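The analysis underlying the following values was restricted to heavy atoms, covering all of them including side chains, and did not include hydrogens, waters or symmetry mates. In this text the structure is predicted, and so the values were computed from the model without any measurement. Within every chain, numbering begins at 1; the chains are lettered A, B, ... in the order of the sequence lines, protein sequences first and strands thereafter.
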Protein chains: 2
Amino acid sequence: MVSRPAHGKRRTACRPRPHPGELPEDNRGAGGRALRQSALNSWQGIQAEIRRRIADRVWRPGDQIPGEADLAAEFGCARATVNRALQGLADSGLLERRRKAGTRVALDPVRKATLEIPVIRLEVEAAGGEYAYRVLQKEIVSAPAPVAEKMDLSPGVDLVHLRGLHTADGDPFLYEERWVNLDSVPEFETADFTSVSPNEWLVRNQPFTRGEISFLAEAASSEQAAALGAAEGAALFAIERTTWNADAAITHVRLAYRQGYRMSTEI
Amino acid sequence: MVSRPAHGKRRTACRPRPHPGELPEDNRGAGGRALRQSALNSWQGIQAEIRRRIADRVWRPGDQIPGEADLAAEFGCARATVNRALQGLADSGLLERRRKAGTRVALDPVRKATLEIPVIRLEVEAAGGEYAYRVLQKEIVSAPAPVAEKMDLSPGVDLVHLRGLHTADGDPFLYEERWVNLDSVPEFETADFTSVSPNEWLVRNQPFTRGEISFLAEAASSEQAAALGAAEGAALFAIERTTWNADAAITHVRLAYRQGYRMSTEI
DNA sequence: AAGTGGTCTAGACCACTCC
DNA sequence: GAGTGGTCTAGACCACTTA
């Protein structure tokens with residue numbers, strides 16, 4: 001074996017942690033519980049401290065905060081670590097950063113809510129239900145003008161038009177109306193949706209590079225009402241989504257959720 | 001002055017770009033247009049290339065992709081750069097990463113939609129309208145059970161209950177019903193909402209550390225219908241939001257948008 | 001036990017923007 | 001022109017997880 005200096009575990013040259021014994025205590029002091037990744041010189045710890053200063057109005061909306069170099073010096077860490085912390089806060093709308101102008105606490109913080117829209121089957125199963133999908137109607141149609149417009153297609157192109165119902169333990173969960181561009185996905189015409197929903201089929205078989213998604217409320221049509229077991233005209237939460245693969249439209253779909261459905265997230 | 005070697009502009013020790021002359025050409029070749037930040041060895045360029053390989057099914061859903069070290073070698077960049085590129089893709093749900101297990105193309109990519117919810121005034125003004133807010137009703141009430149539950153308060157606490165209407169060029173835009181915890185924000189009781197809406201007042205005067213937000217559809221109540229100029233029972237898109245500052249509830253608000261409103265984003 | 005991602009550092013150059 | 005954030009590098013240690 002190669003002989004090694006006695007201080008076995010060699011620290012990297014550039015990591016002179018200020019006072020080796022202090023971190024655990026500081027950690028506990030930071031709020032009652034010792035978080036593994038929230039040491040004061042970790043990016044998460046710095047982020048938490050910045051959040052605290054904004055919440056405690058040490059830095060007020062509109063204020064310019066110290067530059068990355070200053071903060072790095074204060075926290076005893078590399079500038080890249082401060083950068084990582086501040087970028088996250090800027091992404092979530094709490095800070096506004098501009099070169100030369102510096103970093104400011106946002107005056108009108110844009111609340112960014114990140115909604116996670118899982119594959120429907122997973123959503124149903126996560127809620128403990130047994131998932132199923134049933135085709136209600138399938139036909140090939142000439143693209144109606146409004147649909148063609150949303151898909152950036154010329155009207156009259158042939159599309160598969162599909163209506164279906166997603167259920168949880170047999171109860172209606174989601175009503176789906178979909179149009180699929182056969183020019184982009186010719187295999188879709190003969191796909192079998194007895195075990196896999198069209199949604200899932202497309203996810204697995206047709207990647208996309210771009211999409212638009214809208215959230216809206218709509219009054220249940222008579223067909224939707226019948227399928228979902230709701231009253232006609234009931235207010236339904238709906239999602240409309242269109243996807244393209246390099247400018248070639250793939251599909252346009254409108255999902256109407258069962259009555260009372262809400263989509264939630266934390267901010 | 002300290003004497004310096006003659007080769008004036010000193011490159012940092014660790015930046016041996018492979019072949020100095022090739023990058024511009026590679027850049028042009030990457031897709032027709034030379035993007036400033038998309039050189040093949042930038043994290044954005046790497047991200048784009050990974051996206052392309054997934055879209056072109058070079059790497060299929062479920063496949064494990066090469067490790068960061070391998071990719072760094074392939075792209076001729078540092079591992080940190082690859083890490084930055086891959087982390088972004090993991091955040092957007094396209095990749096799944098686990099230590100030791102490596103990085104895989106997501107089988108069921110969770111579609112993450114990031115909604116930006118600006119201060120209402122800014123949203124109206126961005127659409128070219130003139131913004132105004134009008135208080136319809138203001139009272140102090142004992143917290144109703146459902147509201148108290150959502151705010152994590154004991155029922156019976158005193159809250160300010162406020163109904164108001166946001167307008168664009170005089171047209172109804174958004175109906176707001178809000179409860180505010182006077183224990184957390186005593187100044188709210190005497191605040192003046194003739195020039196600043198309660199929403200904006202709170203943003204500027206009361207930071208929060210945690211919040212919940214829900215998106216849903218609701219049928220217009222008679223009061224909402226009257227204020228928004230819609231039919232009673234019309235399907236309205238609504239947002240419900242509750243915010244806390246370190247476990248102290250601040251406000252609970254329900255925003256019902258004018259008929260036909262939709263919230264959109266790109267994915 | 002070992003492999004892989006997660007994070008950090010010190011230093012450097014660069015791009016953007018304000019003055 | 002100069003200040004600030006954006007990005008990159010090479011190297012290192014560490015945490016987590018699976019074999």
Engineer: For the pair made of CD in A:Q47 and P in C:dC8, what is the distance, rounded to whole Å?
Structural biologist: 11 Å
Engineer: What is the distance, to the nearest angstrom, from the CD atom on A:E68 to the P atom on D:dT4?
Structural biologist: 11 Å
Engineer: Output the rounded distance in Å from CZ (A:F75) to C1' (C:dC8).
Structural biologist: 16 Å
Engineer: The criterion is salt bridge (Lys or Arg N to Asp or Glu O under 4.0 Å); which residues satisfy it with A:E96, sequence neighbours excluded?
Structural biologist: none
Engineer: Partners of A:E176 by side chain to side chain donor-acceptor pair (under 3.5 Å), sequence neighbours excluded?
Structural biologist: A:H166, A:R178
Engineer: Taking DNA chain D as the partner, which of residues 78-91 of chain B come within under 4.0 angstrom of it by heavy atom?
Structural biologist: B:A78, B:R79, B:A80, B:T81, B:R84
Engineer: Tell me the interatomic distance from A:I46, atom CD1, to C:dT7, atom C1', rounded to whole angstroms.
Structural biologist: 12 Å
Engineer: Taking CG from A:L71 and P from C:dC8, how many angstroms apart are they, rounded to a whole number?
Structural biologist: 15 Å
Engineer: Is there a donor in the side chain of A:D192 and an acceptor in the side chain of A:T194, or the other way round, less than 3.5 Å apart?
Structural biologist: yes
Engineer: With a 6.0 Å cut-off on ring centres, are A:W244 and A:F208 close enough?
Structural biologist: no
Engineer: Just the rounded figure in Å: distance from P of D:dT4 to CD of A:E96.
Structural biologist: 18 Å
Engineer: Among C:dC8, D:dC16, D:dG3, find the nucleotide with the atom closest to the side chain of A:K100.
Structural biologist: D:dG3
Engineer: By nearest heavy atom, map A:R98 and B:Q64 onto DNA chain C; which one lands nearer the 5' end?
Structural biologist: B:Q64
Engineer: So, OP1 or OP2 of C:dG5: does either fall under 4.0 Å of a side-chain N or O from B:T103?
Structural biologist: yes
Engineer: Would you mind listing every ring pair (Phe, Tyr, Trp, His ring centres under 6.0 Å) that reaches into residues 44-71 of chain A, with sequence neighbours excluded?
Structural biologist: none
Engineer: Residues in side chain to side chain donor-acceptor pair (under 3.5 Å) with B:N245, at least two apart?
Structural biologist: none
Engineer: To the nearest Å, give me how far apart CZ (A:R97) and P (D:dG3) are.
Structural biologist: 18 Å
Engineer: Whole angstrom is fine here: how far is it from CH2 in B:W43 over to C1' in C:dA15?
Structural biologist: 15 Å
Engineer: Mind checking what makes salt bridge (Lys or Arg N to Asp or Glu O under 4.0 Å) contact with A:R210, not counting sequence neighbours?
Structural biologist: A:D247
Engineer: When you measure from the side-chain N and O atoms of A:Q44 to the phosphate of C:dT7, is any distance below 4.0 Å, counting only OP1 and OP2?
Structural biologist: yes
